Protein chains: 2
Amino acid sequence: MAKLQKSIDKRNALVKATIELVNNNGFHATPMSKIAKMANVSPATIYLYFENKQDLVNQTYIDVKAEYTNYAFADFDPNMPIEEGFEMIWKRIADFKLNECEHAMFLAQCDNTPMIDEESRQEGIKHLQPLLDLWERGKKEGVIKPLSDYILYAYAINPLSFLMMTQKRGSFTLDKAHLEEAYQSAWSSIKMCK
Amino acid sequence: MAKLQKSIDKRNALVKATIELVNNNGFHATPMSKIAKMANVSPATIYLYFENKQDLVNQTYIDVKAEYTNYAFADFDPNMPIEEGFEMIWKRIADFKLNECEHAMFLAQCDNTPMIDEESRQEGIKHLQPLLDLWERGKKEGVIKPLSDYILYAYAINPLSFLMMTQKRGSFTLDKAHLEEAYQSAWSSIKMCK
DNA sequence: AAAAAAAGAATGAACGTTCATTTTTTCTGT
DNA sequence: ACAGAAAAAATGAACGTTCATTCTTTTTTT
């Protein structure tokens with residue numbers, strides 16, 4: 001176990017360094033040598049844990065995506081009432097984007113860039129299923145508008161990425177009150193009107 | 001004029017090649033030599049038109065951003081009624097993201113990446129003023145929710161970027177009906193409820 | 001003929017990756 | 001429990017390649 005533990009620590013340090021450097025400099029300006037230095041490791045050691053640079057960034061993406069969805073669904077129970085479940089998930093996602101914003105920024109960069117392999121991208125999407133299931137149920141119950149999942153995501157969830165990004169750029173800070181406003185906008189854009 | 005024209009043609013070809021290559025391969029995988037080849041120009045010639053690679057990508061960004069806002073506000077008149085003006089701008093933006101989606105994708109990539117200088121980013125934001133002015137007027141008239149411009153943009157405009165991206169990835173196509181639904185979601189997320 | 005624009009080849013630096021070696025960990029027999 | 005052999009992990013230096021940029025020459029325009 002001691003041996004395995006050490007390996008995991010090193011792998012995590014490499015993933016962490018990748019996130020930080022890609023966030024600050026972009027993929028195009030983060031050489032393996034810098035990643036190694038930041039993780040306190042020799043460049044050659046990276047290749048004991050990852051096949052090559054592409055594999056490192058793919059695996060980092062999948063790791064962070066999994067962390068994101070675990071965080072989002074941590075307290076969620078598929079039997080909850082629709083609105084309650086949605087609010088819980090939405091607020092967990094908002095928390096993630098604000099508290100773990102290094103990780104959220106990394107995902108935003110990956111999602112708009114050809115820097116991740118298509119295969120890893122697909123892998124990352126899978127974990128979102130509970131939210132899609134909730135929407136499906138909501139549509140059947142007549143609580144959620146009968147729109148494509150993509151449109152629902154675009155209006156209910158994706159705006160948080162934009163807000164996180166502008167906040168990170170310093171032009172604007174998202175306080176408690178803003179967050180409640182944003183939640184109301186999100187919910188009202190997907191709920192069935194009475 | 002012949003000379004000037006020729007120069008402009010060459011500059012445009014370089015900008016166009018940059019957009020196409022960065023879209024398909026990412027900034028990290030588009031060398032100057034490929035840009036030159038695609039523009040039918042020697043690598044050395046790039047440096048007659050641009051200081052260096054960073055300058056080329058900054059200028060490309062500003063060019064595309066200006067094209068975007070020109071397109072968005074082409075038929076807009078600041079004296080229009082709020083809702084009519086918003087609908088016009090929104091639909092022009094939607095058109096741009098669907099018809100000029102190479103350019104829209106390039107902007108999406110730039111906006112979530114540290115590949116553009118902060119100065120050029122600021123330069124690109126300026127042209128959005130007419131929309132902010134419209135919202136300001138809407139808030140005064142009690143037609144638009146009194147929210148921060150960033151939140152309004154996040155819910156009313158930004159979802160289009162996400163939809164364009166997923167459409168480009170082929171998972172989904174945004175038809176006329178979808179577009180009308182999306183517009184209704186956008187408007188209902190920012191309009192004052194009666 | 002002079003000036004400007006463009007070209008291809010050249011340059012030095014930086015990159016991703018691998019190689020030969022050293023260090024650390026694990027295993028074995030006593 | 002422990003010496004020491006075997007295996008595994010880690011390293012720094014080195015390799016070949018590719019890159020952004022520049023230099024010198026050629027071509028085109030004035």
Side-chain angles (χ1 to χ4, degrees), chain A residues 1-61 106 109-110 113-117 120, chain B residues 1-61 106 109-110 113-117 120:
Chain A
M1 178 224 163
K3 168 196 159 196
L4 186 62
Q5 184 53 43
K6 196 171 183 190
S7 293
I8 289 178
D9 285 351
K10 228 161 239 183
R11 204 198 95 109
N12 288 345
L14 285 165
V15 166
K16 188 167 186 286
T18 302
I19 295 167
E20 190 168 335
L21 288 167
V22 169
N23 269 347
N24 292 329
N25 311 329
F27 187 37
H28 69 284
T30 75
M32 296 295 258
S33 55
K34 272 194 194 170
I35 295 173
K37 193 165 287 178
M38 180 170 274
N40 284 315
V41 137
S42 154
T45 304
I46 300 181
Y47 293 85
L48 301 175
Y49 294 87
F50 304 94
E51 259 182 56
N52 50 37
K53 193 182 182 184
Q54 186 64 57
D55 182 45
L56 166 58
V57 74
N58 283 341
Q59 287 201 38
T60 301
Y61 175 74
F106 181 78
Q109 192 169 166
C110 292
T113 271
M115 95 194 202
I116 301 292
D117 283 349
S120 304
Chain B
M1 178 226 161
K3 167 193 156 195
L4 185 61
Q5 184 52 45
K6 196 170 182 191
S7 293
I8 288 177
D9 285 350
K10 228 161 244 184
R11 204 199 94 109
N12 288 346
L14 285 166
V15 166
K16 188 166 184 289
T18 303
I19 294 167
E20 191 168 334
L21 288 168
V22 169
N23 269 348
N24 292 328
N25 311 328
F27 187 36
H28 70 282
T30 76
M32 296 295 260
S33 55
K34 274 195 193 170
I35 296 173
K37 192 164 288 177
M38 180 169 276
N40 284 316
V41 138
S42 155
T45 304
I46 301 181
Y47 293 85
L48 300 175
Y49 295 85
F50 303 94
E51 261 183 55
N52 50 38
K53 194 181 182 184
Q54 185 64 57
D55 182 45
L56 166 59
V57 73
N58 283 341
Q59 287 200 40
T60 300
Y61 174 75
F106 181 78
Q109 190 169 169
C110 292
T113 271
M115 96 193 200
I116 301 292
D117 284 350
S120 303

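In the text below, chain A, chain B and the rest are named by the order of the sequence lines, each starting its count at 1. Since we're looking at a predicted model, the values are computed, not measured. Worth knowing before you read on, the calculation uses all heavy atoms, side chains too, and leaves out hydrogens, waters and symmetry mates.
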Looking only at heavy atoms, what is the nearest atom pair of [X] and [Y], with distance?
X: A:Ser7; Y: A:Tyr49; value: O-CE2, 3.3 Å
X: A:Val57; Y: A:Phe27; value: CG1-CZ, 4.2 Å
X: B:Pro114; Y: A:Gln109; value: CD-OE1, 3.4 Å
X: B:Ala29; Y: B:Lys34; value: O-NZ, 4.3 Å
X: A:Ala39; Y: A:Leu14; value: CB-CD2, 3.7 Å
X: A:Asp117; Y: A:Gln54; value: OD1-NE2, 3.6 Å

For the pair made of [atom1] in [X] and [atom2] in [N], what is the distance, rounded to whole Å?
X: B:Leu14; N: D:dT21; atom1: CG; atom2: P; result: 14 Å
X: B:Asp9; N: D:dT29; atom1: CG; atom2: P; result: 13 Å
X: B:Leu48; N: D:dT24; atom1: CG; atom2: P; result: 16 Å
X: A:Lys10; N: D:dA10; atom1: NZ; atom2: C1'; result: 6 Å
X: B:Leu56; N: D:dA20; atom1: CG; atom2: P; result: 10 Å
X: B:Phe50; N: D:dA20; atom1: CZ; atom2: P; result: 15 Å

Applying side-chain contact (heavy atoms from CB on, under 4.5 Å) between B:Phe50 and each of B:Asn58, B:Thr60, B:Val15, report the one that passes. B:Val15
Near DNA chain C, under 4.0 Å by heavy atom, which residues of residues 18-25 of chain B? none
Per-nt protein contacts along nucleotides 12-21 of chain C (heavy atom under 4.0 Å; B base, S backbone sugar-phosphate only, - none) come out as ---SSBBB--
Side-chain touch B:Thr18/B:Thr30, heavy atoms, less than 4.5 angstrom: no
